[in-house]
Participant: 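I have a structure here, written as structure tokens, and I will follow up with some questions on it.
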Number of protein chains: 2
Amino acid sequence: MHLFWEHGYEATSLAMLREAMGLTPPQIYNAFTDKETLFRKALKRYHETEIGFALEALSAPVSTREAIRRLLLGAAEAYSRPGKPGGCLFVSGALAASPQAQAIADELRTYRKASEAAIADRLARGRVVGDLPADLSVDGFAKYLAGVMNGMSIQARDGASVEELRVLAQTTLAALPAEGQNQAASKE
Amino acid sequence: MHLFWEHGYEATSLAMLREAMGLTPPQIYNAFTDKETLFRKALKRYHETEIGFALEALSAPVSTREAIRRLLLGAAEAYSRPGKPGGCLFVSGALAASPQAQAIADELRTYRKASEAAIADRLARGRVVGDLPADLSVDGFAKYLAGVMNGMSIQARDGASVEELRVLAQTTLAALPAEGQNQAASKE
DNA sequence: AATTATCCATAGCGATCGATACGAAACCTA
DNA sequence: TAGGTTTCGTATCGATCGCTATGGATAATT
């Protein structure tokens, strides 16, 4: 998982994976069928072990603003964990791919879209409760938040520290008008 | 350039480049030395022809807020041009790379850092003129803006339309407090 | 203890990678 | 027109890719 996270799907060779796991070729194929299946298992593991902060943040019984705060600060921490590759596997795994690996790239895009949809769901619930300005576009703001998180992933990969990412998260929050207050400067 | 933009450095094979340019192997090596040199020439061309909006926005004689607005809206348009690969070559070219291509990945990271530094310079100039809130961190906000642009690049690659990216740009701007006004909600 | 069955590491499969050697065609010079 | 040179496309280089067949060591059974 760490190798795919660091180098991406295609740039990670089976030789690297073999060495890291101490397995011979037949062992690796008996255990994981093929490279694509192995990558999908790594994706599943990543989803289960590394980004729980997102589901927790979006499902916690707190205000929408607080939920988003937890989401962004959780990303700041998760994307810059010491001893782990920087950023998010869903972004680094295969942003660009050869035609042969399009299926993998599409699958990762699906993961990213699902994250964005989960954010949009949380925002929609917040709107129902009156937790968000009425004139705020749920889909638009979800795309903003998902986009910022993707950007944080790249910043983390470029060496940003957890403190720098936290500042980025705080700045991002400033784009969300405080409760009750109207959204200013939407048309300039 | 389009091939590298679409598939990234490593996933673009010389066979694809040959076919696209209609060149035989010796021709391509006579003209471009090797794949790495060819990629660097594509980078240069990209920088000259596709992202002029950034330099224009940051050097235009307008307020800092207007400069940032132009920068973000320019990115929204440049990252979703019809007939071009989505996103930014500096991001897609080699986010993750094999150990052999680390030099390329590092070079692209340098480009991204330079963009961020250019933004920070513009913000610093704005601060001198009193164009920005005094308590705003120039480096922090530059990292936010650069991060959002990187995120827009990924959203564009995931199929976001120019309108959606424009909304994202407008939302990003909302994090910049209006002139003279203090920055709210920086510590929660 | 002899034989059969099972497992597993090595060696190598075909394909493709980036890059190049070589023979044929074309062109300029004499 | 003949000679010499240069250009250029094909065929192929060694290395590496993901993946698998085979032979030898081990274990189980009669």
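First the proteins, then the strands, lettered A, B, ... as listed; each starts at 1.
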Participant: In this structure, is the centre-to-centre distance between the rings of B/Y46 and B/F90 below 6.0 Å?
Facilitator: yes
Participant: For the helix from C/dA1-D/dT30 to C/dA30-D/dT1, what angle separates the axis at the start from the axis at the finish, each from five pairs, in steps of 10°?
Facilitator: 20°
Participant: Respond yes when some side-chain nitrogen or oxygen of B/Q27 is under 4.0 Å from OP1 or OP2 of D/dG9, and no when none is.
Facilitator: yes
Participant: Among the nucleotides D/dT20, D/dG18, D/dG9, which one has an atom lying closest to any side-chain atom of A/P25?
Facilitator: D/dT20
Participant: Classify B/T12 by what it touches in the nucleic acid, base, sugar-phosphate, or nothing, heavy-atom distance under 4.0 Å.
Facilitator: sugar-phosphate
Participant: Does D/dC17 have its OP1 or OP2 closer than 4.0 Å to a side-chain nitrogen or oxygen of A/S13?
Facilitator: yes
Participant: Strictly under 6.0 Å, is that where the ring centroids of B/F32 and B/F39 end up?
Facilitator: no
Participant: Quick one: does NZ or CZ of B/K35 land under 6.0 Å from the six-membered ring centre of B/Y9, within 45 degrees of the ring axis?
Facilitator: yes
Participant: Heavy-atom nearest nucleotide on DNA chain D for B/L23 versus B/Q100: which residue maps closer to 5'?
Facilitator: B/L23
Participant: Describe the nucleic acid contact of A/D34 in one word from base, sugar-phosphate, nothing, applying a heavy-atom distance below 4.0 Å.
Facilitator: sugar-phosphate
Participant: Do other residues, nucleotides or ligands put more than 12 heavy atoms under 6.0 Å from the NZ atom of B/K113?
Facilitator: yes
Participant: Nearest to the A/A15 side chain among D/dC17, D/dG9, C/dC17, which nucleotide is it?
Facilitator: D/dC17
